[in-house]
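What follows is one structure encoded as structure tokens, with my remarks underneath.
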Number of protein chains: 2
Amino acid sequence: METRQRILAAALRLFAERGFYGASMDQIARELDLTKQALIHHFGTKEKLYGAVLVAISERLMTEAIQPTEVESASAFADAVSRIYLRTLQHREDTLLLMRELLDNRRRAAQAGTWYLKPFLDGLADLLRRDPNWQEEDEASIFTHVYQVLGAINYFAVSTATLENMYSVEHVEDMQECFPERLRKLAMGGVDT
Amino acid sequence: METRQRILAAALRLFAERGFYGASMDQIARELDLTKQALIHHFGTKEKLYGAVLVAISERLMTEAIQPTEVESASAFADAVSRIYLRTLQHREDTLLLMRELLDNRRRAAQAGTWYLKPFLDGLADLLRRDPNWQEEDEASIFTHVYQVLGAINYFAVSTATLENMYSVEHVEDMQECFPERLRKLAMGGVDT
DNA sequence: ATCGTTCCCTACCACTTGGTAAGGAGAGAG
DNA sequence: CTCTCTCCTTACCAAGTGGTAGGGAACGAT
């Protein structure tokens, strides 16, 4: 029973790092001192294993990221965004894999895994919708703002390794330090003057 | 001579759509009614072909995205961002592949292709640095702001297909319509009140 | 002791991968 | 006509892919 969890963890790591096609069943199995047939025994096919990893990610996302009993205040959205930022950095592998899933979606469109994000997005939009400063805005504006802020977070979370190579580790640490403050301004800003 | 360009175009499409491991030489070749050995004849190996695609992308990015003779005004950065947004939507395949490259960077770290983005980022940061509203801010804040805005653009550009499936084509069209206006507020906002 | 179940292994398979070797069609040069 | 060079072909290969078949070890239940 515990083997399933170990497999899921290793699969997440490798799928996030190398993508669905870049990671092979054999590699994942070797990482755990198993054979790939152990994975097949537990999950049936590679696709199903990948699906199980996605389900695990979305469950984490749903239980941790959105607090349904969010206090209704002018900064409710900004607060939620701050929490999501911290969580995103903490679960960077989840973020990496979800980003890959976003890119691969054209082919995998009809499959499961994708719509797990929908309630998450809708929840955030709802938070913003109840913000007094956003009462005047239309639906498209609200949703676009949510997505822009989310994009800023995820893109950065996925870029740190590259940025460290491109500049320096210290440079990225500086960015990480002032990121929440700047992110808050992004999240709050945008209402008509 | 013209074959090289055709190969590069097809390779860009498939690499962007399916990733490096997801796209095979054979698929790319069949798309052009050639055999994979034609590609090998022109580019040597798959890695080199991929590298050539990256070089082509970065050249497009350098010549089109940053206008060195940008007018120095309070909105110079926001103007540049607007242009980059339009260009990003126009060259969505380039954006897709650069995003994939960002994700794969851990493995490909030492290789070329990555640092092409550096002058682009630095140029944008420089634009913001000369903005009178940003004179007080420190380097990390400036760069973080640049990266957040860029993240909002790229994440959205890469998400449209998924969003269309998750909601509707009309929903995404609405977002695209109000995106530039909201993006401008993101880019301008963020200075201390 | 024996049966059944869970969990994982070895052995094997068809297929695809990137890449090599060698040769041919076409064109221009002498 | 022939030599050469560019561009691309067919034929082939070793390695790796996901997946099947079947067996064996451990263990609890009867």
Side-chain angles (χ1 to χ4, degrees), chain A residues 1-56 97 100-101 103-113, chain B residues 1-56 97 100-101 103-113:
Chain A
M1 293 303 159
E2 187 237 354
T3 310
R4 263 186 78 101
Q5 299 308 317
R6 284 178 60 228
I7 293 177
L8 281 174
L12 168 61
R13 269 230 324 282
L14 281 173
F15 281 142
E17 198 174 296
R18 305 153 116 94
F20 179 79
Y21 292 111
S24 76
M25 297 288 270
D26 211 51
Q27 283 168 6
I28 300 172
R30 251 179 297 163
E31 192 106 341
L32 302 163
D33 277 316
L34 292 175
T35 61
K36 63 178 174 179
Q37 284 73 10
L39 315 197
I40 288 179
H41 169 74
H42 283 288
F43 295 94
T45 69
K46 186 184 184 184
E47 294 269 357
K48 287 180 185 171
L49 169 57
Y50 183 80
V53 171
L54 275 185
V55 168
L97 204 143
R100 288 192 188 276
E101 189 57 16
L103 300 178
D104 289 344
N105 181 267
R106 286 150 193 248
R107 286 172 304 116
R108 223 187 300 274
Q111 233 168 330
Chain B
M1 293 302 157
E2 186 237 353
T3 309
R4 263 185 78 102
Q5 298 308 316
R6 285 178 60 228
I7 294 178
L8 281 175
L12 168 61
R13 268 231 323 284
L14 281 173
F15 281 143
E17 197 174 296
R18 305 156 117 91
F20 179 79
Y21 293 111
S24 76
M25 297 288 269
D26 210 51
Q27 283 167 6
I28 300 171
R30 252 179 295 163
E31 193 108 337
L32 302 164
D33 278 316
L34 293 175
T35 60
K36 64 178 174 178
Q37 284 71 10
L39 315 197
I40 289 180
H41 170 74
H42 283 288
F43 294 94
T45 68
K46 185 185 184 183
E47 294 270 355
K48 287 180 184 168
L49 169 57
Y50 183 79
V53 171
L54 274 185
V55 169
L97 204 143
R100 288 191 189 278
E101 188 57 16
L103 299 178
D104 290 343
N105 180 266
R106 285 151 193 248
R107 286 173 303 115
R108 225 187 297 277
Q111 233 169 330

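Below, chain A is the first sequence line, B the second, and so on; all start at residue 1. Values reported hereafter were calculated over all heavy atoms of this structure, with side chains retained and with hydrogens, waters and symmetry mates removed.
- The two atoms that bring B/Ala29 and B/Thr35 nearest to each other are CB-C, 3.4 Å, heavy atoms only.
- Here the side chain of B/Arg100 pairs a donor or acceptor atom with the backbone of B/Glu17 at under 3.5 angstrom.
- The aromatic rings of B/Phe20 and B/Tyr50 sit perpendicular, their planes meeting at an angle over 60°, well past the 30° parallel limit.
- Protein atom CD1 of A/Ile28 is 15 Å distant from nucleotide atom C1' of D/dG19, rounded to whole Å.
- When all heavy atoms of A/Lys46 and A/Phe15 are compared, the closest pair comes out as CE-CE2, 4.0 Å.
- Between A/Glu2 atom CD and C/dC7 atom P there is a gap of 12 Å when expressed in whole angstrom units.
- Atom-to-atom, CZ of A/Arg18 to C1' of D/dG16 comes out at 14 Å; the value is rounded to the nearest Å.
- In this structure, A/His42 does not reach the C/dT6 phosphate: none of its side-chain N or O atoms is under 4.0 Å from OP1 or OP2.
- Listed pair A/Thr3 / C/dC8 meets the phosphate criterion, a side-chain N or O lying under 4.0 Å from OP1 or OP2.
- Nucleic acid contact for A/Ala38: sugar-phosphate only, since backbone atoms but no base atoms lie under 4.0 Å from a heavy atom of the residue.
- When the side-chain nitrogen and oxygen atoms of B/His41 are compared with OP1 and OP2 of D/dT9, none of them lie within a distance under 4.0 Å.
- As rounded to whole Å, 11 Å separates atom P of D/dT10 from atom CG of B/Leu34.
- Heavy atoms only, all atoms of each residue included: A/Gln27 and A/Arg18 are closest at OE1-NE, 3.5 Å.
- An OP1 or OP2 oxygen of D/dT9 is reached within less than 4.0 angstrom by a side-chain nitrogen or oxygen of B/Thr35.
- Atoms CG (B/Leu39) and C1' (D/dC8) sit 11 Å apart, rounded to a whole Å.
- The side-chain hydrogen bond (donor to acceptor under 3.5 Å, both in side chains) test applied to A/Arg6 returns no partner, not counting sequence neighbours.
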*Sugar-phosphate atoms are those with a prime plus P, OP1 and OP2; base atoms are the rest. Using that split, label each nucleotide of nucleotides 15-24 of chain C B, S or - for protein heavy atoms under 4.0 Å, 5' to 3'.*
--SBBB----
